[in-house]
Amino acid sequence: MDALRASYGDSSSDSDTDDLSPAAANPGEEKESISLPPPPLSLLESIGSTGSLDFYSTAEPGTRVRNFPHVEGNYALHVYIPVFIPLMAKKEIACVLKRVASLVPHLHLVEADVPLSILCKDDQKLDHALGREFHISLGRSVPLRVHQINSVVSMLRQKLQLHKRYWIDFNKWEVFVNDDCTRSFLSLEITTSGLSEISKQIDAVNEVYKLHNLPEFYKDPRPHISLVWALGDIRTSLKRALDGELKKLRGGGCVQTRIFTSKFCGIECKIGNKTHKICKLPDE
């Protein structure tokens with residue numbers, strides 16, 4: 001058991017990028033939180049890492065707080081589709097992000113907690129940041145006990161083992177907030193091609209979660225990748241800035257209806273620090 005714990009790294013690290021809703025209800029009683037040190041400035045030089053967004057913050061800027069309390073022997077579970085943004089699409093996305101960042105302060109890049117205002121001053125760093133791996137979540141990020149790990153991974157593989165490749169269209173900019181309205185996200189949503197396939201995959205993950213007494217995903221999921229986050233519920237100001245800039249860009253013919261298209265390349269499951277390949281494609 002000790003060897004198993006060691007292979008999964010520190011317990012209770014979690015991600016809240018998937019627990020998002022564009023119309024979340026008023027937050028209920030706040031969970032007990034644990035303050036963590038701010039991220040090192042060296043993140044700007046190692047932006048290519050694919051670490052998960054493990055924290056949300058309800059304290060001062062630069063102070064990060066766990067999404068759920070640390071419990072010895074618990075490991076964060078995250079099931080997702082990895083996504084990489086194509087080269088040409090990165091240029092359009094960077095243009096939108098720069099315009100929004102000039103109007104809305106204190107935005108940060110998802111996954112690395114790097115201030116967007118810093119990245120926007122350096123085109124090369126922003127391009128590099130957008131070249132990292134992003135995630136379409138297929139289930140909530142939840143704490144998993146050590147004894148549940150093998151069973152969860154095995155059942156996920158059984159239900160999601162084989163899938164044909166399909167195309168995913170990211171065709172809508174959207175603003176989301178997490179469940180307790182402590183964070184807002186600027187995201188790219190999937191509303192057309194790929195939505196049906198992803199919805200079926202979410203249903204399969206929900207079945208596995210249910211059998212392990214884990215909280216299921218939203219009843220009406222809205223698959224997306226999140227690019228940028230900010231503290232608190234700023235959906236109104238963020239949406240206003242986004243809509244205004246998109247209107248200007250569309251007027252100049254700079255924004256396409258389809259932001260970019262990505263080919264489904266498999267499903268992964270991250271538990272603690274260990275990543276499991278869940279879905280095998282026919283040509284692999």
Side-chain angles (χ1 to χ4, degrees), residues 1-20 46 48-55 66-68 70-85 110-112 131-166 168 190 194 197-218 221 223-226 262-284:
M1 187 67 75
D2 290 338
L4 183 61
R5 288 194 181 99
S7 70
Y8 283 89
D10 294 336
S11 57
S12 291
S13 177
D14 65 281
S15 168
D16 67 350
T17 57
D18 60 309
D19 297 339
L20 311 176
S46 60
S49 68
T50 57
S52 62
L53 176 58
D54 291 344
F55 310 97
R66 291 188 184 275
N67 189 34
F68 45 76
H70 171 82
V71 176
E72 187 66 31
N74 279 5
Y75 296 86
L77 165 67
H78 186 205
V79 185
Y80 58 87
I81 298 171
V83 173
F84 290 92
I85 300 173
V110 159
E111 305 280 352
R132 298 161 62 250
E133 181 181 282
F134 293 90
H135 300 151
I136 303 170
S137 294
L138 301 179
R140 292 181 184 270
S141 291
V142 294
L144 190 69
R145 300 295 295 172
V146 172
H147 69 272
Q148 295 177 304
I149 292 176
N150 289 339
S151 174
V152 166
V153 172
S154 176
M155 292 188 69
L156 285 172
R157 284 176 174 162
Q158 183 180 9
K159 290 187 175 293
L160 299 164
Q161 187 173 21
L162 292 175
H163 277 277
K164 293 181 180 179
R165 291 191 183 274
Y166 59 87
I168 303 170
I190 303 150
E197 291 87 347
I198 293 171
S199 296
K200 291 175 183 176
Q201 291 167 341
I202 289 173
D203 289 341
V205 173
N206 272 339
E207 290 180 27
V208 176
Y209 273 42
K210 189 186 300 183
L211 290 171
H212 291 83
N213 294 317
L214 300 173
E216 298 174 52
F217 213 39
Y218 299 100
H224 61 274
I225 59 171
S226 290
S262 175
K263 185 179 286 187
F264 170 72
C265 59
I267 296 172
E268 295 181 358
C269 167
K270 186 172 182 181
I271 303 175
N273 294 330
K274 190 169 183 179
T275 301
H276 301 265
K277 275 269 192 183
I278 298 299
C279 176
K280 294 182 178 180
L281 298 171
D283 56 347
E284 287 187 338

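Considering every non-hydrogen atom in both Leu214 and Pro143, the closest pair reads CD2-O, 3.9 Å. His78 and Ser137 get closest at one heavy-atom pair: NE2-OG, 2.8 Å. Summarising the geometry of Tyr218 relative to Arg140, their closest heavy-atom pair is CE2-NH2, 3.3 Å, with the distance given to 0.1 Å. The nearest pair of heavy atoms linking Ala204 to Lys159 is O-CD, 3.7 Å. A pairwise comparison of heavy atoms in Arg132 and Phe84 identifies O-CD2, 3.7 Å as the closest pair. Scanning both residues, Gly266 and Pro82, for their nearest heavy atoms gives O-CD, 3.4 Å.
For Ser154, there are no side chain to side chain contact (heavy atoms under 4.5 Å, CB included) partners, not counting sequence neighbours.
Distance CG/Leu144 to CD1/Ile271: 5.5 Å, rounded to 0.5 Å. His135 contributes atom NE2, which lies 7.5 Å from atom NZ of Lys270 (distance to the nearest 0.5 angstrom).
No side-chain heavy atom of Leu138 sits less than 4.5 Å from a side-chain heavy atom of Phe217. Taking the side chain as every heavy atom from C-beta outward, Arg145 and Asn74 approach each other to under 4.5 Å. Residues Val152 and Val79 fail the side-chain proximity criterion, which asks for heavy atoms closer than 4.5 Å. A heavy-atom distance below 4.5 Å is not found between the side chains of Ile267 and Leu156.
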### Message
If you apply the rule side chain to side chain contact (heavy atoms under 4.5 Å, CB included), what do you find for His276 with Glu268, and how did you get there?
### Response
CA-CA 6 Å; His276 301 265; Glu268 295 181 358; over 6 Å; no
### Task
Could you go through the side chain to side chain contact (heavy atoms under 4.5 Å, CB included) check for Val110 and Ile225 one step at a time?
CA-CA 10 Å; Val110 159; Ile225 59 171; over 6 Å; no
### Query
Where do Gln201 and Ile81 land on the side chain to side chain contact (heavy atoms under 4.5 Å, CB included) test, with the steps shown first?
CA-CA 10 Å; Gln201 291 167 341; Ile81 298 171; 3.4 Å; yes
### Task
Walk me through it: do Val208 and Leu160 pass the test side chain to side chain contact (heavy atoms under 4.5 Å, CB included)?
CA-CA 11 Å; Val208 176; Leu160 299 164; over 6 Å; no
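Phe264 and Tyr166 have parallel rings, their planes meeting at less than 30° on a 0 to 90° scale where 60° marks the start of perpendicular.
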